[in-house]
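Both ligands and their constituent atoms are indexed starting at 1 by order of listing. In what follows, every heavy atom counts, from backbone to side chain, and hydrogens, waters and symmetry copies are set aside.
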Amino acid sequence: MSQFDVVVIGAGPGGYIAAIRAAQLGFKTACIDAGVNKAGDAPALGGTCLNVGCIPSKALLQSSEHFYAAQHDFDEHGITVGDVKFDAAKMIERKDGIVTKLTGGIKFLFQKNKVESLFGKGSLKGRNGDLWQVEVENKGEKSVVEAKHVIVATGSVPRPLPLIEIDNVNVLDNEGALNLTEVPKKLGVIGSGVIGLEMGSVWKRVGSEVTILEAMPTFLAAADQQIAKEAFKVFTKEQGLVIELGVKLNEIKNDKNGVTVSYEVGGAAKTETFDKLIVSIGRIPNTEGLNTEGVGLEKDERGFIKVDGECRTNLPNVWAIGDVVRGPMLAHKASDEGVAVAERIAGQKPHLDFNTIPFVIYTDPEIAWVGKTEEQLKAEGVEYKKGTSGFAANGRALGLGKAKGTVKVLACAKTDRVLGVHMIGPMVSELVAEGVMSMEFSASSEDIARIVHAHPTLSEVLHEAALAADKRALHG
Ligand code: FAD
Ligand code: NAI
């Protein structure tokens, strides 16, 4: 029987990074993963993120942005392109190529770092002295490996909607939404969260009529509401996404006429028939087949594996990271927890600050933030000051043809320490890193204001917002 220092279950961005870091620290490490490629005929490492999440969605967002720009934006640059055509199947083929390249890259990284990659479904069997036994099942064939430490990184799966079953033909989860080879004429989306907005944007840009039905009365409730309101206006008024808030779904039928959704909104009953319907109402932790009950691995009332602040479970030397534990379901959060756990096993004292995890929504304009929103600061009774600045007069943004959006810096009224940075605008997914760095190093808004920012760059808008927090904006 093979014995390891560390066995990781799951090779998503949490698990594969944890395995690589553990191997780098000198541990004999194996990573078990059951993921298969789109064709279903070969193992595919990388989990949700690489196969059916972050990476493929960003590929489609880029393709659809190019198509939209060629149709609507090139003209003002003096470029005439004539009749622009769109081939959805080719867009999906390009996306599949990127996925194959990156999932293959993990296989290479495992080999390079001497991580043993085991294909199959992992489940916890029990203890053999100091060691944990983990069963690996591949098409009915079972083997058992032993390890001193086990890191559970089994991720998440889409939250099901009781009203309708996902068939990934007409009613789609993220997997189906990323694989449409024809543009649906009418696309419905349930949930105006991150997937709803990103996927809704992709298919809207390439020609679908998109209606998003959201249960909450507030748009992007977790985001700073000044930014969320600006986003709502751009997405609905300028881009033509129909977003209905405060929706109560009554019935969904999937038949030869399409997918018919009956719902209530603002006291009125409505019915819409769509060619395709994306269901994106959140994700739930995935512990299926792990044998959590059998070994007594505790879960909370929502099904997440219970961990302390350092990702320790209730069982000795069993750790859990990523989407399967509390906290935001984000790839970078999963990876950073993976690194931290490997280092803790090695006796190091890594620190992961949950207050400085950045959030990004890759719409156009993008939305990004780190730290507290104004609403949170008010609710917590924290006295704060704020500075805002827009992209409208930023030279780089104007050159790019993307001069929409705002950056807001929130700082403590007494100490000037940065408490939150909120953005909507071009490439703010990149700009938010400066906010993260500032908060991580306990910077003040004055610190950001005194740092030299290159000209002309988008980062000057953050600089200006920091100056504004101190009431000394130069371009305000
Ligand atoms: P996962 O990536 O879910 O990986 C878990 C792995 O474990 C899978 O490979 C699975 O096959 C395997 N597994 C499960 N059970 C077993 C078992 N018993 N035995 C063996 N293997 C098992 N996050 C971002 O930060 N940025 C984004 O832009 C972004 N975009 C997204 C877009 C979409 C459409 C979706 C759905 C998600 C997106 N996310 C994004 C979220 C991100 O994908 C997840 O937060 C991240 O993948 C979580 O990583 P993980 O390692 O915890 O789990
Ligand atoms: P989400 O939590 O972002 O949004 C789900 C939305 O569905 C919420 O607004 C919720 O109020 C709504 N909803 C729930 N039940 C509903 C119902 N019955 N009817 C109508 N609306 C309903 O979840 P989403 O979009 O499914 O994404 C899952 C997770 O994947 C995200 O939470 C995020 O962590 C991750 N992700 C991250 C991305 C990024 O970082 N850019 C991109 C895509 C996903």
Just distance, no hydrogens or angles: give the donor-acceptor pairs under 3.5 Å from side chains in residues 106-121, sequence neighbours left out.
residue, atom, partner, partner atom, Å
N113, ND2, L109, O, 2.9

Just list the N/O pairs, ligand 2 to protein, that are under 3.5 Å apart, with the distance for each.
residue, atom, partner, partner atom, Å
ligand 2, 3 (O), V194, N, 3.1
ligand 2, 9 (O), E214, OE1, 2.7
ligand 2, 9 (O), E214, OE2, 3.2
ligand 2, 11 (O), E214, OE2, 2.6
ligand 2, 21 (N), A215, N, 3.1
ligand 2, 23 (O), G282, N, 3.3
ligand 2, 25 (O), V194, N, 3.3
ligand 2, 25 (O), I195, N, 2.9
ligand 2, 26 (O), G282, N, 2.8
ligand 2, 34 (O), M329, O, 2.6
ligand 2, 40 (O), V360, O, 3.4
ligand 2, 41 (N), E198, OE2, 2.9
ligand 2, 41 (N), V360, O, 2.7

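- Within the cation-pi definition used here (under 6.0 Å to the ring centroid, within 45° of the axis), K28 qualifies as a partner of F4.
- The neighbour count for Q3 CD, taken as heavy atoms of other residues, nucleotides or ligands under 6.0 Å away, is above 12.
- Annotation: E141, atom CD; neighbour count of heavy atoms from other residues, nucleotides and ligands within 6.0 Å does not exceed 12.
- Residue-environment remark: CD (E380) exceeds the threshold of 12 foreign heavy atoms within 6.0 Å.
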Go ahead and list the nitrogen or oxygen contacts between ligand 1 and the protein that come in under 3.5 Å, distances to 0.1 Å, or just say none.
residue, atom, partner, partner atom, Å
ligand 1, 2 (O), T48, N, 2.9
ligand 1, 3 (O), T48, OG1, 2.6
ligand 1, 9 (O), D33, OD1, 2.7
ligand 1, 9 (O), D33, OD2, 3.4
ligand 1, 18 (N), G122, O, 3.0
ligand 1, 19 (N), G122, N, 2.7
ligand 1, 21 (N), A34, N, 3.2
ligand 1, 23 (N), A331, N, 3.4
ligand 1, 25 (O), A331, N, 2.8
ligand 1, 25 (O), H332, ND1, 3.3
ligand 1, 28 (O), K58, NZ, 2.6
ligand 1, 30 (N), C54, N, 3.4
ligand 1, 30 (N), K58, NZ, 3.3
ligand 1, 45 (O), D323, OD1, 2.9
ligand 1, 45 (O), D323, OD2, 3.3
ligand 1, 45 (O), M329, O, 3.2
ligand 1, 45 (O), L330, N, 3.2
ligand 1, 45 (O), A331, N, 3.4
ligand 1, 47 (O), C49, N, 3.3
ligand 1, 51 (O), P13, N, 3.4
ligand 1, 51 (O), G14, N, 2.9
ligand 1, 52 (O), D323, N, 2.9

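- Remark: K125 NZ is loosely packed, at most 12 non-hydrogen atoms of other residues, nucleotides or ligands lying under 6.0 Å away.
- By the side-chain hydrogen bond (donor to acceptor under 3.5 Å, both in side chains) test, S2 pairs with no residue at all, sequence neighbours left out.
- Ion pair E337/R326 flagged as a salt bridge, since at least one NZ, NE, NH1 or NH2 atom sits closer than 4.0 Å to an Asp/Glu carboxylate oxygen.
- Under the 4.0 Å criterion applied to side-chain N and carboxylate O atoms, E65 and K402 are assigned as salt-bridge partners.
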